[in-house]
Amino acid sequence: MSVLVFLEHHGNELQKGSLGVLSKAASLGDPEVAAVLVGAGVRALAAEAGAFGAKRVYVAEDASLDPPTPQPRVDVLAQAVAHGGYDTILLANSVLAADVAAGLAARLEAGLNWDLVDLERRDGELVGTRPALQDSVYVEVGWTSQQRIALFRAGSFDAAATGGGEPELVELAPELEEHSRGAKVVDQQLEASSGPSIEDADVIVAGGRGLGGPEHFTLAEELAKALGGAVGATRAVVDAGWYPYSAQIGQTGKTVSPKLYVALGISGAIQHKVGMQSSNVIVAINKDPNAPIFEFSDLGVVGDLHEIVPKLTELVRQRRAS
Ligand SMILES: Cc1cc2nc3c(=O)[nH]c(=O)nc-3n(C[C@H](O)[C@H](O)[C@H](O)COP(=O)(O)OP(=O)(O)OC[C@H]3O[C@@H](n4cnc5c(N)ncnc54)[C@H](O)[C@@H]3O)c2cc1C
């Protein structure tokens with residue numbers, strides 16, 4: 001088995017999900033795990049990739065590749081695969097990575113298993129774990145193709161530095177297919193935010209309709225700030241225009257698995273549950289003792305969030321300050 005990991009970066013930061021997948025790859029027993037970086041200024045990120053387990057880093061340093069379009073990345077990954085003879089390519093899910101994985105699977109005629117939450121080596125074979133039936137069961141999946149591609153659900157693995165040293169750098173001069181130059185990014189909107197993104201946050205405070213109105217989202221924001229976390233939302237409040245779509249967690253939103261998930265005024269509908277149930281610790285505050293969210297919470301507080309949350313935030317602030 002020889003493993004190649006696609007590393008996504010935003011600005012000059014490697015995406016935490018990609019580093020988690022790289023850490024996982026390094027633990028699978030391939031002593032020569034490699035990674036691929038594509039875009040402008042990515043050479044500077046290679047050392048960090050080494051610290052998270054990459055022994056070799058392919059660098060396609062090219063400003064024209066900076067716009068996050070998938071096809072040029074498919075070309076570069078295919079070049080790296082041809083160079084190193086990799087049979088296993090791993091990616092952390094994102095809007096970009098999902099397109100890259102699909103394009104690469106078609107290019108290499110490789111099998112693609114997506115939405116995996118784990119991967120292990122068993123008797124020389126790779127076995128993936130994938131939630132199914134609305135996340136109510138886990139199934140094991142494998143590959144029959146010669147080359148294997150796996151796309152992992154966000155937050156599946158902790159990004160753990162392996163203590164590896166400087167990786168070998170392999171510069172790739174990108175050889176792009178004609179059709180890969182077809183799509184142009186004409187505009188990019190960056191949403192101003194402070195603190196960690198919900199994909200990367202260790203703590204998420206999510207608000208639902210129980211907050212009572214968009215103006216009460218400050219309760220979630222203040223608690224998230226005190227805990228050093230990010231704010232999430234249910235679809236009900238996003239649809240109502242109370243909070244941006246980018247914060248939506250669930251079946252048609254983002255899948256997250258922070259260390260701590262605090263649900264404020266969220267009923268716990270199955271479509272929300274599937275996006276957050278793999279969080280390490282779930283705390284729910286809801287005034288309805290029969291709310292479904294209590295069925296899968298580690299700690300449930302029955303009460304009015306408008307009374308509880310300000311006091312909780314104050315307590316967290318005091319505890320952090322002392
Ligand atoms: C195809 C499809 C896809 C969907 N995708 C998603 C998705 O991705 N993400 C998602 O979240 N939903 C999704 N939904 C919607 C989902 O079914 C629920 O409608 C939604 O999650 C409910 O949001 P909520 O918990 O904020 O609101 P509600 O279900 O209205 O719950 C509000 C909760 O707040 C509590 N509450 C009220 N006042 C207080 C108070 N003062 N203090 C404490 N608690 C209080 C209530 O007891 C209640 O439990 C989807 C639905 C469909 C059909």
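Quick note: numbers below take in every heavy atom, side chains included, and nothing from hydrogens, waters or symmetry partners. When a ligand or atom number is given, it counts from 1 through the structure's own listing order.
- For Ser18 and Gln15, the side-chain atoms include at least one donor-acceptor pair closer than 3.5 Å.
- Close to ligand 1: Gly303, with a non-hydrogen atom less than 4.0 angstrom away.
- Near Gly253, meaning under 4.0 Å from one of its heavy atoms, ligand 1 places the atoms 8 (O).
- The option with the heavy atom closest to atom 3 (C) of ligand 1, from among His216, Arg235, Arg209, is Arg235.
- Annotation: atom 42 (N) of ligand 1 to nearest protein heavy atom, Leu305 N, 2.9 Å.
- Of all atoms in ligand 1, numbered sequentially from 1 with element shown, those under 4.0 Å from a heavy atom of Gln251 are 7 (C), 8 (O).
- For atom 5 (N) of ligand 1, the closest non-hydrogen atom on the protein side is Thr252 OG1, 2.7 Å.
- A salt bridge links Glu314 to Arg317: at least one charged side-chain nitrogen sits closer than 4.0 Å to a carboxylate oxygen.
- The aromatic rings of Phe217 and Tyr243 sit parallel to each other, their planes meeting at less than 30°, with 60° as the upper class boundary.
- Less than 4.0 angstrom separates some heavy atom of Ile249 from each of these atoms of ligand 1: 7 (C), 8 (O), 9 (N), 10 (C), 11 (O).
- When Asp288, Asn286, Asp304, Val309 are ranked by how near their heavy atoms come to atom 48 (C) of ligand 1, first place goes to Asn286.
- Between Val302 and Asn286 there is no side-chain heavy-atom pair separated by less than 4.5 Å.
- At a heavy-atom cutoff of 4.0 Å, ligand 1 is contacted by the side chain of Ala269 but not by its backbone.
- Nearest protein neighbour of atom 22 (C) of ligand 1, counting heavy atoms only, is Ala236 CB, 3.9 Å.
- By the criterion of a heavy-atom distance under 4.0 Å, neither the backbone nor the side chain of Ile270 is placed next to ligand 1.
- Among Thr234, Leu211, Leu264, Val302, the residue whose heavy atom lies closest to atom 24 (P) of ligand 1 is Thr234.
- Taking each of Glu307, Gln248, Lys287 in turn, the one with a heavy atom nearest to atom 45 (C) of ligand 1 proves to be Lys287.
- Looking at Glu8 and Ser94, their side chains do bring a donor and an acceptor atom within 3.5 Å of each other.
- Figure legend: cation-pi geometry between Lys273 and Phe296, with NZ or CZ positioned under 6.0 Å from the six-membered ring centre and within 45° of its axis.
- Considering backbone and side-chain atoms together, Ala291 places no N or O closer than 3.5 Å to any N or O of ligand 1.
- There is no protein heavy atom less than 4.0 angstrom from atom 19 (O) of ligand 1.
- Looking only at protein heavy atoms, the nearest one to atom 31 (O) of ligand 1 is Ser267 CB, 3.3 Å.
- In this structure, Asp202 pairs ionically with Lys16, as a charged nitrogen and a carboxylate oxygen lie closer than 4.0 Å.
- Side-chain atoms of Arg235 and Thr252 form a donor-acceptor pair, as typed in the model, at a separation below 3.5 Å.
- Taking atom 37 (C) of ligand 1 as the reference point, the nearest protein heavy-atom neighbour is Gly210 CA, 3.3 Å.
- Donor-acceptor pairing under 3.5 Å is lacking for the side chains of Arg153 and Thr255.
- Shown in contact with His306 at under 4.0 Å from a heavy atom are these atoms of ligand 1, numbered in order with element: 41 (N).
- Qualifying side-chain hydrogen bond (donor to acceptor under 3.5 Å, both in side chains) partners for Gln147, counting only residues two or more places apart in sequence or in other chains: none.
- Counting atoms of ligand 1 from 1 in the listed order, those under 4.0 Å from a heavy atom of Gly208 are 26 (O).
- Sorted by first and then second residue, the side-chain hydrogen bond (donor to acceptor under 3.5 Å, both in side chains) pairs with a member in residues 28-50 read Arg43-Glu171; sequence neighbours excluded.
- What sits closest to atom 14 (N) of ligand 1 on the protein, heavy atoms only, is Gln271 CB, 3.5 Å.
- The structure places CG of Asn93 at 10.0 Å from CG of Leu96, a figure rounded to the nearest 0.5 Å.
- Considering every non-hydrogen atom in both Gly232 and Ile204, the closest pair reads N-CG2, 3.9 Å.
- Shortest contact from atom 34 (O) of ligand 1 to any protein heavy atom: Gly265 O, 3.0 Å.
- If you number the atoms of ligand 1 from 1 as listed, the ones under 4.0 Å from a heavy atom of Gly250 come out as 7 (C), 8 (O), 9 (N).
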